[in-house]
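Counting starts at 1 for both ligands and their atoms, in listed order. We count residues from 1, following the sequence as given. In this text, all values refer to a predicted model and were calculated from it rather than measured experimentally.
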Amino acid sequence: MTAQTSAEAPTTPTLIGHVVGGARTAGSGTRRQDVLDPATGQVTGQVVLADQADVAAVVAGAVEAALPWSQTPLGRRAAVMFAFREQLVARTPELAATITAEHGKVLSDAAGEIGRGLEVVEFACGIPQLLKGEYSDQVASDVDVFSYREPLGVVAGITPFNFPAMVPLWMAPMAIATGNAFILKPSERDPSASLLIAQMWHDAGLSDGVFSVLQGDRVAVDGLLTHPDVDAVSFVGSTPIAQHVHATATAHRKRVQALGGAKNHAVVLADADLDLAATHLTAAAFGAAGERCMAVSVVLVADEVADALLDRLRTAALAVRVAPGTDPASDMGPVITRAAQQRIEEIVTEAVDAGARALVDGRGHTVAGYEGGFFVGPTVLDGVTTDMRAYAEEIFGPVLVVVRVSGLAEAVEVVNANPYGNGTALFTASGEAARTFQRSVHVGMIGINVPIPVPVGWHSFGGWKDSLFGESHVYGPEAVKFYTRGKVVTSRWPRAAAASFHFGRTTAS
Ligand code: NAD
């Protein structure tokens, strides 16, 4: 193991390893996976894939760190959060460059995801206030009752490729501020951001072992899900893996929150401002190449304004500049892998073959000088029916599917018939329609003339139905409860009274 030293810029790492007990290590696992730059298709590094011994080592390091950290005074914990915030602000450009190099999103969007993570850190800075318990004085003669919350111990976060900084930052600040040791298992496709974040925690003064990184694939995940010393699991990723994580962790008696995939519908009513809707829908569908769990992927548009909206969407989609994320003029970078690019194009082809019309067709898109990159151009499909794969599956690419509906009532029916329930948006000028919509849809996060309603860091984030398994949403107030368990103390400091054998309402004594 080598000691974790000052800032290293992992933009072109050769070997991307774990962080165990505060030290970087390649561990004992011998499997490796290539990490690529999606803009060029070139291999830029190799990530180590954990074996069972690596899982055991990282959990042992976290267990050792958890107890002293849980006993660390609240003010000191808050001070580490403030210092981590400073690290994150100062090193945003470095972290954004690391994200873009492996994920491919444009630099401004990478900085944007760090900004959304920063909100959670800022919420966690208020941990002394958030952990204040409740006190009932004199519930009976000389008897007081107070309740408060204690950390769980060791908690794990398993995160997806599409937000290599934001999603870990949804979890780690809250888990750590509440007094736990946190193990991050990042996506093996863009793992380097995790090492820079670990360095920032170190430089913020966090004790070794309180934030650890375990690189790997299914072996690492299943090792964490079944390890007896892991007390809780936060997962964000696709629905099939979320179900696996929820079922396995629950069977091993862990607390678990598992956020899954999405198919987010935006509804455009006849009274909507169509220019505003088209501008926002274009950004929401094609930003980050559609690789956002809250991306708008379906537009349900009222028949009478459908053609007018489609005209605007077509113009806006054609104006999207597709180029590597490092190009300051780029609106949209590549998708994550060659396999993702091929799958997205295949779904579009199937829809077109089944009768959909590609108003804008991003298949076969190339960028001069980056012919090896995994680019897909913005695609707008009209005339899609709900039985087509383009509607039924989460595409996770820059494809906007348009379905025409008669009005609000049919739109609500379509939204509610969909198995996912992450986000949805309504574009309208009617407060009455907005209120009906927000109260009728079976979806966790709703935008009214706001296309991507990701809650700010002091609310909590979570979908319904196949978008979340478990009861608890991530970050915000729900995270304080998720990462802690309650204790209630009933105490008597008697004035030489006799003990009572009566068990009942305490008002009589
Ligand atoms: P993914 O499910 O393939 O991977 C997520 C994590 O699970 C990774 O760390 C990966 O290593 C691990 N994993 C993959 N296969 C596994 C297996 N068989 N067993 C155990 N672990 C496994 O997801 P992804 O492709 O990285 O991310 C995209 C998905 O994440 C999309 O479906 C997207 O909607 C979803 N997502 C959801 C949210 C949300 O808030 N609901 C946020 C971001 C992403």
Colleague: Taking the side chain as everything from C-beta on, heavy atoms only, tell me whether F235 gets closer than 4.5 Å to V256.
Modeller: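 No, their side chains stay 4.5 Å or more apart.
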Colleague: Could R343 and E393 be called an ion pair, given the rule that one side-chain N must be under 4.0 Å from one carboxylate O?
Modeller: yes
Colleague: At a 4.0 Å threshold, what atoms of ligand 1 neighbour a non-hydrogen atom of E188?
Modeller: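 Those of ligand 1 that fall under 4.0 Å from E188 are 10 (C), 11 (O).
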Colleague: What residue and atom, counting heavy atoms only, is the protein's closest point to atom 8 (C) of ligand 1, and at what distance?
Modeller: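 Residue, atom and distance for the closest contact: T159 O, 3.3 Å.
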Colleague: Hey, is ligand 1 close enough to D217 that some N/O pair sits below 3.5 Å?
Modeller: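 Min N/O separation from ligand 1 is not below 3.5 Å for D217.
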Colleague: Would you please classify the geometry between the F375 ring and the Y370 ring as parallel, tilted or perpendicular, with 30° and 60° separating the classes?
Modeller: perpendicular
Colleague: Please indicate whether Y391 has more than 12 foreign heavy atoms, meaning atoms of other residues, nucleotides or ligands, lying under 6.0 Å from its OH.
Modeller: yes
Colleague: Taking the side chain as everything from C-beta on, heavy atoms only, tell me whether H246 gets closer than 4.5 Å to T250.
Modeller: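 Touching, per the 4.5 Å side-chain cut-off.
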Colleague: Is E291 touching ligand 1 with its side chain, its backbone, both, or neither, if touching means heavy atoms under 4.0 Å apart?
Modeller: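 It is neither part, as no heavy atom is under 4.0 Å.
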Colleague: With heavy atoms of N162 as the reference, note each atom of ligand 1 found under 4.0 Å away.
Modeller: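 Matching atoms, with element in brackets: 43 (C), 44 (C).
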Colleague: Around atom CD of E350, are there more than 12 heavy atoms from other residues, nucleotides or ligands closer than 6.0 Å?
Modeller: yes
Colleague: Nearest non-hydrogen contact with atom 1 (P) of ligand 1 belongs to which option: S238, C293, P160?
Modeller: S238
Colleague: So if I count the atoms of ligand 1 from 1 in the order they appear, which ones are less than 4.0 Å from some heavy atom of W170?
Modeller: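 Counting from 1, the qualifying ligand atoms are 40 (O).
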Colleague: Closer than 4.0 Å to some heavy atom of N422 - which atoms of ligand 1 meet that?
Modeller: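 Counting atoms of ligand 1 from 1, those under 4.0 Å from N422 are 41 (N).
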Colleague: Taking N or O atoms only and a 3.5 Å limit, does I158 qualify as a polar contact for ligand 1?
Modeller: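 Checking ligand 1 against I158, no N or O pair falls under 3.5 Å apart.
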Colleague: Is any side-chain heavy atom of V443 closer than 4.5 Å to one of H265?
Modeller: no
Colleague: Does the pair Y475 and E119 meet the rule for a side-chain contact (heavy atoms from CB on, under 4.5 Å), with working shown?
Modeller: CA-CA 10 Å; Y475 67 77; E119 285 174 9; 5.9 Å; no
Colleague: Can you check side-chain contact (heavy atoms from CB on, under 4.5 Å) on R321 and D327, steps first, answer last?
Modeller: CA-CA 10 Å; R321 174 134 197 268; D327 180 341; 3.3 Å; yes
Colleague: Compare R189, E394, M294 and give the one whose heavy atom is closest to atom 32 (O) of ligand 1.
Modeller: E394
Colleague: Ligand 1 and D222, any nitrogen or oxygen pair closer than 3.5 angstrom?
Modeller: no
Colleague: Write out the residue and atom name of the closest protein heavy atom to atom 35 (C) of ligand 1, then the distance separating them to 0.1 Å.
Modeller: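 Here the nearest protein heavy atom works out to G237 O, 3.1 Å.
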Colleague: Can you tell me which residue and heavy atom of the protein come closest to atom 40 (O) of ligand 1, and the distance to 0.1 Å?
Modeller: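 Answer for atom 40 (O) of ligand 1: F461 CE2, 3.0 Å.
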Colleague: Would you check the N or O atoms of H244, main chain and side chain alike, for any that come under 3.5 Å of an N or O of ligand 1?
Modeller: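 In fact, backbone or side chain, H244 has no N or O that close.
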Colleague: Report yes or no: do D222 and H244 form a side-chain donor-acceptor pair below 3.5 Å?
Modeller: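 D222 vs H244: donor-acceptor pair found between side chains.
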Colleague: Note the single closest protein heavy atom to atom 16 (C) of ligand 1, along with its residue, its atom name and the distance in Å.
Modeller: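 Residue, atom and distance for the closest contact: I241 CD1, 3.6 Å.
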Colleague: Taking the side chain as every heavy atom from C-beta outward, state whether P451 and F427 have any pair of such atoms under 4.5 Å apart.
Modeller: yes
Colleague: Please state whether the rings of W464 and H442 are parallel, tilted or perpendicular, taking 30° and 60° as the class boundaries.
Modeller: parallel
Colleague: Is there any N or O on F396 that sits under 3.5 Å from an N or O of ligand 1?
Modeller: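 Looking only at distances, the answer is no, because the N/O contact criterion of under 3.5 Å is not met.
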Colleague: Atom 18 (N) of ligand 1: protein heavy atom closer than 4.0 Å?
Modeller: yes
Colleague: With atoms numbered from 1 as shown, which atoms in ligand 1 lie under 4.0 angstrom from a non-hydrogen atom of G261?
Modeller: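 Those of ligand 1 that fall under 4.0 Å from G261 are 32 (O), 34 (O).
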Colleague: Give me the nearest non-hydrogen protein atom to atom 12 (C) of ligand 1 as residue plus atom name, then the distance to 0.1 Å.
Modeller: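 Going atom by atom, the protein heavy atom closest to atom 12 (C) of ligand 1 ends up being V221 CG2, 4.1 Å.
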Colleague: Contact between G260 and ligand 1, counting heavy atoms under 4.0 Å?
Modeller: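 True for this residue.
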Colleague: Given F161, Y420, F235, which one has a non-hydrogen atom that is nearest to atom 5 (C) of ligand 1?
Modeller: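 Looking at heavy atoms only, the winner is F235.
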Colleague: Other residues, nucleotides and ligands only: do more than 12 of their heavy atoms fall within 6.0 Å of CD on E478?
Modeller: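 Atom CD in E478 is crowded, with more than 12 foreign heavy atoms closer than 6.0 Å.
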